[in-house]
Number of protein chains: 2
Amino acid sequence: MKRDSKLSGVLHVLLHMLGMKAPATSEQLARVMGTNPVVVRRVMAGLRDQGFVTSAKGHGGGWAVACDPATVTLADIYKAVGEPTLVAMSHRTQMPHCLVEQSVNRALDGAFREAETIFQSHLAAVTLAALSADFNRRLAERGQTIEEQTHAL
Amino acid sequence: MKRDSKLSGVLHVLLHMLGMKAPATSEQLARVMGTNPVVVRRVMAGLRDQGFVTSAKGHGGGWAVACDPATVTLADIYKAVGEPTLVAMSHRTQMPHCLVEQSVNRALDGAFREAETIFQSHLAAVTLAALSADFNRRLAERGQTIEEQTHAL
DNA sequence: TTTCATGGAACTAATTATGTTGCATGAAAT
DNA sequence: ATTTCATGCAACATAATTAGTTCCATGAAA
């Protein structure tokens, strides 16, 4: 299975945006994320629909943070990008009448559900502000400026 | 991403085998699993290497359970099929020098690791015998015989 | 020696996330 | 007004991966 990196990518973008004052264009963010502007728009669309960011067309347009990083958690962002499935395994649902399959599925589903629950509760425990603070701590440790890290946006 | 169903498939096969006396051929098991004999051999190879089942060529050959279902857990089987990754998400590892990426990855990795841990501990809490008992309970509830469930092997 | 079964390699198909291209829309600058 | 810049959206291409398939070799029992 090819693995989904939307959550990782969008968090990366958001953290960079928190360190910027002016709106950022999709192209700038794409450079930060090492991808294509269209991909950025795609993943950011969910955040915009939930009101976490705004987008504006034309001169001076682009993306801006529109939420309080101290109250928005990674779980909110996870939902905003479409809540991609955590679990990379599936059942062979070919034979729903088979009692063996029912037993197996029930056992595995329990383990899957628990993993999802724990995962989301971990995300819910981290705010964007906390992530940003962690970043700034690393920045200070290394004695760099934000500008050096944002790759000359 | 296409999702991995090896664990589900092999458990299905094992449960059917626990209800049989003679060795089962790959073709019989494939019919049970709704797939191809070669696929069965592929997933069973791991179990054989770990000694959970045996395989024999020629007349009267096939696959047989070679372990005590009361002591083997789903976690053992999970490892035997190659420990396919539970998590369907990944980082964008393009820029390892980027401190933002480091912060994001650290936060997500924590959540991923915890999910994996919980998942495996759930698997470790279920033995093959327990799964089989669950199956037999369902069978009794429905008033069917094993033969009816094994689709005339 | 024939038949049956696994073992293993190589190839095909299907799925899905990501990347790409093209054009429409609308806002600001000139 | 018109040009420029930027998002919005749809359609298509690419890449990675899992499962399915075909073919032939090997070896055991009848």
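Numbers restart at 1 for each chain; the letters A, B, ... are given by sequence-line order, proteins then strands. The model shown is predicted, which means the values in this text are computed figures rather than measured ones.
- Closest to the B:Arg48 side chain, of the nucleotides C:dG7, C:dT18, D:dC9, is C:dG7.
- If you check distances only, the side chain of B:Arg42 never reaches the base of C:dG8 with a donor-acceptor pair under 3.5 Å.
- Nearer to the 5' terminus of DNA chain C, by closest-nucleotide assignment, is the contact made by B:Glu27 (compared with the other of A:Val38 and B:Glu27).
- The phosphate of C:dT18 (OP1 or OP2) has no side-chain N or O of A:Lys2 nearer than 4.0 angstrom.
- Put simply, CZ on A:Arg41 and OG1 on A:Thr25 are 8.5 Å apart, with the number rounded to the nearest 0.5 Å.
- As a whole-Å value, the separation of B:Asp49 CG from C:dT6 C1' is 13 Å.
- Of the inter-residue distances, the one linking A:Ser132 atom OG with A:His16 atom NE2 reads 11.0 Å to the nearest 0.5 angstrom.
- Sorted by first and then second residue, the side chain to side chain donor-acceptor pair (under 3.5 Å) pairs with a member in residues 54-72 of chain B read B:Ser26-B:Trp63; sequence neighbours excluded.
- In this view, B:Asp76 satisfies the salt bridge (charged side-chain N to carboxylate O under 4.0 Å, His left out) rule with no residue, not counting sequence neighbours.
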I'd like a table of donor-acceptor pairs (distance under 3.5 Å, sequence neighbours excluded) in which one partner is a side-chain atom from residues 110-124 of chain B, with atom names and distances.
unit_1, atom_1, unit_2, atom_2, d
B:Glu116, OE2, B:Leu86, N, 3.3
B:Thr117, OG1, B:Arg113, O, 2.9
B:Gln120, NE2, B:Glu83, OE2, 3.4
B:Ser121, OG, B:Thr117, O, 3.4
B:Ser121, OG, B:Ile118, O, 3.0

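- Checked for salt-bridge contact, A:Asp134 and A:Arg137 meet the test: a charged N lies under 4.0 Å from a carboxylate O.
- Between A:Met20 and A:Ala24 the shortest heavy-atom distance is CE-CB, 3.6 Å.
- Atom CZ of A:Arg3 is separated from atom P of D:dT18 by 10 Å (rounded to the nearest Å).
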Verify side-chain contact (heavy atoms from CB on, under 4.5 Å) between B:Leu128 and B:Leu74, making sure each step is shown before the conclusion.
CA-CA 7 Å; B:Leu128 293 182; B:Leu74 304 198; 3.9 Å; yes

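- Judged by closest nucleotide on DNA chain D, A:Ala45 is the one of A:Ala45 and B:Thr35 placed further toward the 5' end.
- For the pair A:Thr25 and D:dT7, the criterion of a side-chain N or O lying under 4.0 Å from OP1 or OP2 is not met.
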Worked verdict on A:Val10 versus A:Ile77 for side-chain contact (heavy atoms from CB on, under 4.5 Å):
CA-CA 8 Å; A:Val10 85; A:Ile77 305 303; 3.5 Å; yes

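- Of the residues in residues 101-110 of chain A, not one comes within less than 4.0 Å of DNA chain C through any heavy atom.
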Under the side-chain contact (heavy atoms from CB on, under 4.5 Å) criterion, do A:Leu14 and A:Leu47 qualify, and how do the steps go?
CA-CA 10 Å; A:Leu14 276 175; A:Leu47 299 205; 3.6 Å; yes

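- Side-chain nitrogen and oxygen atoms of A:Arg41 include at least one within less than 4.0 Å of the OP1 or OP2 phosphate oxygen of D:dT7.
- Summarising the geometry, the separation between CE on A:Met89 and P on C:dT15 is reported as 21 Å, rounded to the nearest angstrom.
- Of all the heavy atoms in B:Met33 and A:Arg92, the pair that sits closest is O-NE, 3.5 Å.
- Between the C1' atom of D:dC9 and the CG atom of A:Asn36 lies a distance of 14 Å, rounded to the nearest Å.
- For D:dA19, the OP1/OP2 oxygens have a side-chain nitrogen or oxygen of B:Ser5 closer than 4.0 Å.
- Atom CG of B:Asp4 and atom P of C:dT15 are 16 Å apart (whole Å).
- A heavy-atom distance below 4.5 Å is found between the side chains of B:Tyr78 and A:Met89.
- A straight line from CG of B:Leu29 to P of C:dG7 spans 12 Å, rounded to a whole angstrom.
- Within residues 53-63 of chain A, the residues that have a heavy atom under 4.0 Å from DNA chain C are, in order of number, A:Lys57, A:Gly58, A:His59.
- Note that the two end axes of the helix from C:dT1-D:dA30 to C:dT30-D:dA1 enclose an angle of 10°, each drawn from 5 base pairs, rounded to 10 degrees.
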